[in-house]
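One structure is given below, encoded as structure tokens.
Below, each value reflects all heavy atoms present in this structure, side chains not excepted, and no hydrogens, waters or symmetry copies. Lettering of chains follows the sequences in order, A, B, ..., and the numbering in each one begins at 1. The shown structure was predicted, so the numbers you read here are calculated from the model rather than taken from an experiment.
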2 protein chains.
Amino acid sequence: MSRVFNDEPHVSDAVKRRVREAADALNYHPNVFAQSLVRRRSHLIGLVYEKPSASYVVELQMGVLDALLGERYRLIVIPVRSVHDNAHDVVGLLRAAALDGVVLAPPASDHPVILAQLAAAGIRFARVAPLRQLELGASTIIDDVAGARAVAAHLLALGHRDIGIVKGDPGHAASDARLSGYGQAFRAAGCEMRLDWIETGNFTLEGGTEAGARLLDRADRPTAILAQNDEMAVGVMMAARERGLSLPDDLSVAGFDDSEVSRIVWPRLTTVRQPVFDMAVAATEMLVAELEGRPGARHSHHDNQLLIRDSTVAPRSAGPGGA
Amino acid sequence: MSRVFNDEPHVSDAVKRRVREAADALNYHPNVFAQSLVRRRSHLIGLVYEKPSASYVVELQMGVLDALLGERYRLIVIPVRSVHDNAHDVVGLLRAAALDGVVLAPPASDHPVILAQLAAAGIRFARVAPLRQLELGASTIIDDVAGARAVAAHLLALGHRDIGIVKGDPGHAASDARLSGYGQAFRAAGCEMRLDWIETGNFTLEGGTEAGARLLDRADRPTAILAQNDEMAVGVMMAARERGLSLPDDLSVAGFDDSEVSRIVWPRLTTVRQPVFDMAVAATEMLVAELEGRPGARHSHHDNQLLIRDSTVAPRSAGPGGA
DNA sequence: AAGATTGCTGACATCGTTGTCCATCGGGGA
DNA sequence: TCCCCGATGGACAACGATGTCAGCAATCTT
């Protein structure tokens, strides 16, 4: 009898014990499918992401799993080749998976079609670091523009003027947000952000290496490079080493994210710390709270922080603040 | 009517079309719970692992997901704090998740209680890189001993004799297997593997840093260190840098796995390539084949390969082959 | 042309829970 | 002592698919 297992009232202890004994004797386990069928609950939560850097995915997943620890929800991982190419398929996939809810990582968290279709399909969602339509669903919010402004200002304050930029995947709203943050810092310092010194690296190590190579092979080589995430920054460092440059003296490199690689490489990478883990935890907790009908906040704000390490120094030809 | 959706024979085209139109009109989607209930299939596959290095998990997951791409199975990730402490709970967890099958990563793939209970619970499993009871279930097999022997032999051939060892988590059978491979190489070279130069690093970066620190703070400092995975090797490199040693001249370091970090660090790390991705793909394919009733191999063998890069050179005081 | 055979379709039991409804039992108040 | 009410436990429909079975129509055989 189901009342025993669900700890309902109006059941005597004697019956409780008797049922439990019988269950143990028969090696009984409740059938999850039947429960799900009648309760319309799968207790499955999806995590949708598009192959960004490995460390980002890992932190994201660890955050979600951490938040799910005390709950009876389980995590299904749903990597998507290209969110923009497959927006319709994605929601079909999610519906077919019978999820109770999904955590959306960028760039899915910013995709209007996905958001609209999820709402239409009645699947609850929580969004990690969205930049548009912030009112839709639960979300964890962070100011990419401010973080980017801070790291660019740091390089400018060191005296760099010839600064190359390695942009992330154009499909991520964060790419433009960070670029605009860089731009603000340039304007504040009274100098120009040269468009022909912007290369795209797609947030991957290889992309960063290639973008770095293009920037470093120019006749007018930059003295510093701003990469929009740490993987690409490491790629830039590899490209610099291949060209015999010594780091950080010949080239300053700054990243974004504070992912594990930023602490591993030598010199240690100057970067902007993004609390991906915390954001994943917060998003998951909001999602679960909603699914369980508990009241709670619908948004959480997170701060990023400039971490000045060893990969950024003043350019050779100029002292700090000089130009 | 279900016959239309399952593409069964004996249905006329007219009815097929009529049903499809009605389904579209009503925005009909089959109920996964009801299907699962009557078919006794969840189409969920679990991946059980214990927080080893991040890159290992990522490669593992990517492999499983890759193998699942064409299939209608979905992946549930099940990280376990400590397999040895929670062996009984683990299977309870898996049963509660209504999984069709699980892919077991080390050390769960070598845990007799887990294997026995899975068999008892009727949950199919595929094992990645097991070292014991190889006949149980489907498995992907690799010769850890040979890989370890090769990398140790490489250091010995370079002329190193004072070689420290950073061991992995004692709970992983691979730790002992790799140690015994090292031992074979030492014996073949006619020298002794000093037990007091073995430190444990638990397969983590931090563990590697601490173990490296202990080895490098000795009065009789080793000229080379063998780490049982790349994360620990990087940790050793960080400890060496903190002590002002220059790499690789003052200290040769070799890792194991060929994880992404091994290519990122400077100097690039000598290591043993383990095809984790391929093993995950193979294990998953075998599992799915079994679940689908397709015939197929129950075991796949994989090779590892010594990758000599920049982190290992002859010791200062001796030429190659010298002693 | 009538019976046999095959193709197609609708009806219905089934899977294992949940939750509602109803019958029963026991105790306390009138 | 009788009645009423709350506590308790059993019976049963519902969830939404699947798959079997039986019935009917159409075609083939003789």
Side-chain angles (χ1 to χ4, degrees), chain A residues 1-45 71-74 76 91-101 120-124 291-294, chain B residues 1-45 71-74 76 91-101 120-124 291-294:
Chain A
M1 193 99 275
S2 64
R3 273 179 280 242
V4 176
F5 290 95
N6 297 336
D7 251 350
E8 281 179 44
H10 307 316
V11 181
S12 72
D13 287 352
V15 174
K16 241 178 202 165
R17 194 159 35 81
R18 203 159 46 105
V19 172
R20 286 211 183 280
E21 276 168 12
D24 285 352
L26 293 168
N27 192 26
Y28 169 83
H29 294 276
N31 182 305
V32 183
F33 305 137
Q35 285 182 336
S36 293
L37 177 59
V38 67
R39 292 209 171 148
R40 290 137 190 287
R41 278 275 147 122
S42 63
H43 291 280
L44 296 176
I45 284 185
E71 313 285 346
R72 57 171 293 196
Y73 289 85
R74 276 174 289 278
I76 292 202
V91 179
L93 200 69
L94 299 181
R95 198 204 306 262
L99 301 174
D100 287 348
I123 302 176
R124 308 304 175 90
L291 291 173
E292 296 283 300
R294 299 182 213 136
Chain B
M1 194 99 275
S2 65
R3 273 178 283 242
V4 176
F5 289 95
N6 297 336
D7 250 351
E8 280 178 43
H10 309 316
V11 181
S12 73
D13 287 351
V15 174
K16 242 179 202 165
R17 194 159 35 80
R18 204 160 43 102
V19 172
R20 286 210 185 280
E21 276 168 12
D24 284 351
L26 293 168
N27 191 25
Y28 170 84
H29 293 275
N31 182 303
V32 183
F33 306 137
Q35 286 182 333
S36 292
L37 178 59
V38 67
R39 291 211 171 145
R40 288 135 192 289
R41 278 275 148 121
S42 62
H43 292 279
L44 296 176
I45 285 186
E71 313 284 346
R72 58 171 292 198
Y73 289 86
R74 275 175 289 276
I76 292 202
V91 179
L93 200 68
L94 299 181
R95 196 204 308 261
L99 302 173
D100 287 349
I123 302 175
R124 307 304 174 91
L291 291 173
E292 295 284 299
R294 300 181 212 137

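Side chain of A:L37, nearest nucleotide from D:dA17, C:dG16, C:dT18: C:dG16. Checking D:dA17, D:dT18, C:dT17 against the side-chain heavy atoms of B:R39 singles out D:dT18 as nearest. Comparing atom distances between the A:Q35 side chain and each of C:dG16, C:dT17, D:dG16 picks out C:dT17 as nearest. When each of C:dT17, C:dG16, D:dA17 is scored by its nearest atom to the side-chain atoms of B:A34, the top-ranked nucleotide is D:dA17.
Going from atom CG of A:N31 over to atom P of C:dT18 covers 10 Å, rounded to whole Å. What separates CZ of A:F33 from P of C:dT18 is a distance of 15 Å, to the nearest Å. Distance, B:R41 CZ to C:dG16 P: 16 Å, rounded to whole Å.
The side chain of B:R40 contributes no N or O atom lying less than 4.0 Å from OP1 or OP2 of D:dT18.
Minimum heavy-atom separation, A:D100 to A:R40: OD1-O, 4.5 Å. Of all heavy-atom pairs spanning A:L99 and A:I123, the tightest one is O-CG2, 4.4 Å.
Partners of A:R74 by side-chain hydrogen bond (donor to acceptor under 3.5 Å, both in side chains), not counting sequence neighbours: none found.
Under the 4.0 Å criterion applied to side-chain N and carboxylate O atoms, B:E292 and B:R124 are not assigned as salt-bridge partners.
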